[in-house]
Amino acid sequence: MDVLIRYGFSIEEIKNMMDTNPDISNVDDNKIYSLIDKLGLIGCMNNYIKNIFICNPFYLNRSLEDIDNLFNKLKEIGITNINILLDSNPYILNLNSEEIEDIYNNLLKEGLTKEEIIDKFNYNSFSIM
């Protein structure tokens, strides 16, 4: 958890994250660095990353492979600003690539165009919980 302090999280923020997700106390610092790097590679700025961790500490329990698959699926369906999507809706990180594909396919079956579906993702106009 030292990495979170070095990254600029306050003790109170870390405590709140641990209250929400007690399992993060077992997450290794190297994995946290890798998860931060993954967000940085898609264009997330430090304040986005901090917001994502605070709002959705469950991200810290995700496997790096799952995150790669999720980001690849979002790109595949046409979402270009994943960083902005995650800043406005960090709970997307709780989904896996198959769930994203299911949401996409169900919206296609409802008659939405690819562009309309991308807008639904970008403007957080569907429920993921």
Side-chain angles (χ1 to χ4, degrees):
M1 298 317 274
D2 290 343
V3 65
L4 295 177
I5 293 169
R6 287 191 296 274
Y7 200 74
F9 288 88
S10 70
I11 298 297
E12 187 65 27
E13 289 169 328
I14 295 169
K15 182 185 176 311
N16 289 338
M17 290 167 48
M18 291 177 80
D19 286 346
T20 302
N21 182 6
D23 293 336
I24 65 173
S25 62
N26 300 321
V27 178
D28 158 282
D29 278 356
N30 288 329
K31 182 177 179 191
I32 295 172
Y33 277 123
S34 295
L35 290 167
I36 289 170
D37 288 345
K38 297 238 177 257
L39 293 172
L41 288 171
I42 60 163
C44 288
M45 299 179 299
N46 289 351
N47 60 330
Y48 287 14
I49 293 170
K50 201 169 175 187
N51 179 52
I52 289 166
F53 279 40
I54 290 169
C55 293
N56 187 7
F58 296 99
Y59 172 64
L60 294 166
N61 293 95
R62 298 295 307 271
S63 81
L64 299 172
E65 182 180 353
D66 284 348
I67 296 302
D68 284 338
N69 291 338
L70 173 64
F71 290 168
N72 289 334
K73 182 57 67 178
L74 290 169
K75 290 175 189 173
E76 182 183 306
I77 66 171
I79 298 180
T80 56
N81 295 317
I82 298 172
N83 57 333
I84 296 169
L85 172 67
L86 296 179
D87 185 48
S88 65
N89 188 355
Y91 303 104
I92 291 277
L93 290 165
N94 293 344
L95 300 175
N96 62 42
S97 60
E98 292 83 15
E99 290 168 316
I100 294 292
E101 187 168 3
D102 287 346
I103 291 167
Y104 181 82
N105 289 333
N106 287 336
L107 292 171
L108 273 178
K109 287 177 188 172
E110 290 177 16
L112 275 68
T113 66
K114 180 177 180 174
E115 292 75 22
E116 290 170 327
I117 296 169
I118 291 169
D119 285 346
K120 279 193 162 293
F121 274 92
N122 285 330
Y123 298 110
N124 194 21
S125 59
F126 69 92
S127 176
I128 63 168
M129 300 305 249

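- Residue pairs meeting the salt bridge (charged side-chain N to carboxylate O under 4.0 Å, His left out) criterion with at least one partner in residues 12-24, sequence neighbours excluded, are E13-K50, K15-D19.
- To the nearest 0.5 Å, atom CD of residue E98 and atom CG of residue L70 are 10.0 Å apart.
- For the side chain to side chain contact (heavy atoms under 4.5 Å, CB included) test with I52, the passing option among L60, L86, N89 is L86; the others fail.
- Across all their heavy atoms, L39 and I49 have their closest contact at CB-CG1, 3.8 Å.
- Rounded to the nearest 0.5 Å, atoms CD1 (I77) and CG (N72) are 12.0 Å apart.
- Applying the ring-ring contact (aromatic ring centres under 6.0 Å, His included) test to every pair with at least one member in residues 7-26, sequence neighbours left out, gives these pairs: F9-F53.
- Under the 4.5 Å side-chain heavy-atom criterion for Ile, Leu, Val, Met, Phe, Trp and Tyr, V3 and L35 are members of the same hydrophobic cluster.
- Residues M18 and I14 have side chains in contact (heavy-atom distance under 4.5 Å, counting atoms from C-beta outward).
- Put simply, NZ on K114 and CG on L107 are 14.0 Å apart, with the number rounded to the nearest 0.5 Å.
- Residues L41 and I79 do not share a hydrophobic cluster, defined by chaining ILVMFWY side chains whose heavy atoms lie under 4.5 Å apart.
- Note that NZ of K31 is 11.0 Å distant from CD1 of I24, once rounded to the nearest 0.5 Å.
- F71 and M45 are assigned to two separate hydrophobic clusters, defined by single-linkage of ILVMFWY side chains at heavy-atom distances under 4.5 Å.
- Side chains of L74 and I100 form a contact here, defined as non-hydrogen atoms less than 4.5 Å apart.
- In this structure a side-chain-to-backbone donor-acceptor pair under 3.5 Å is present from N106 to D102.
- In this structure, the side chains of M17 and L4 come closer than 4.5 Å at one or more pairs of heavy atoms.
- Residue L85 is not grouped with residue F58 when hydrophobic side chains (ILVMFWY) are merged at heavy-atom distances under 4.5 angstrom, including chains of intermediate members.
- When all heavy atoms of Y91 and N56 are compared, the pair lying nearest together is CA-ND2, 3.7 Å.
- Following chains of ILVMFWY side-chain contacts shorter than 4.5 Å, one cannot reach I84 starting from I118, and the two form parts of different hydrophobic clusters.
- Looking at heavy atoms from C-beta onward, L95 lies out of side-chain contact with K73 at the 4.5 angstrom threshold.
- Closest non-hydrogen pair, I92 versus F121, comes out as CD1-CD2, 4.3 Å.
- The shortest distance between side-chain heavy atoms of D28 and Y33 does not fall below 4.5 Å.
- Distance check: N51 CG to S88 OG gives 9.5 Å after rounding to the nearest 0.5 Å.
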Report the C-alpha separation of N122 and N81 in whole Å, then their side-chain angles, then the decisive distance to 0.1 Å, and conclude whether the side-chain hydrogen bond (donor to acceptor under 3.5 Å, both in side chains) test is met.
CA-CA 8 Å; N122 285 330; N81 295 317; over 6 Å; no

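- Counting only residues at least two apart or on different chains, the side chain to side chain donor-acceptor pair (under 3.5 Å) pairs with a member in residues 59-69 are N21-N61, K38-D68, S63-D66.
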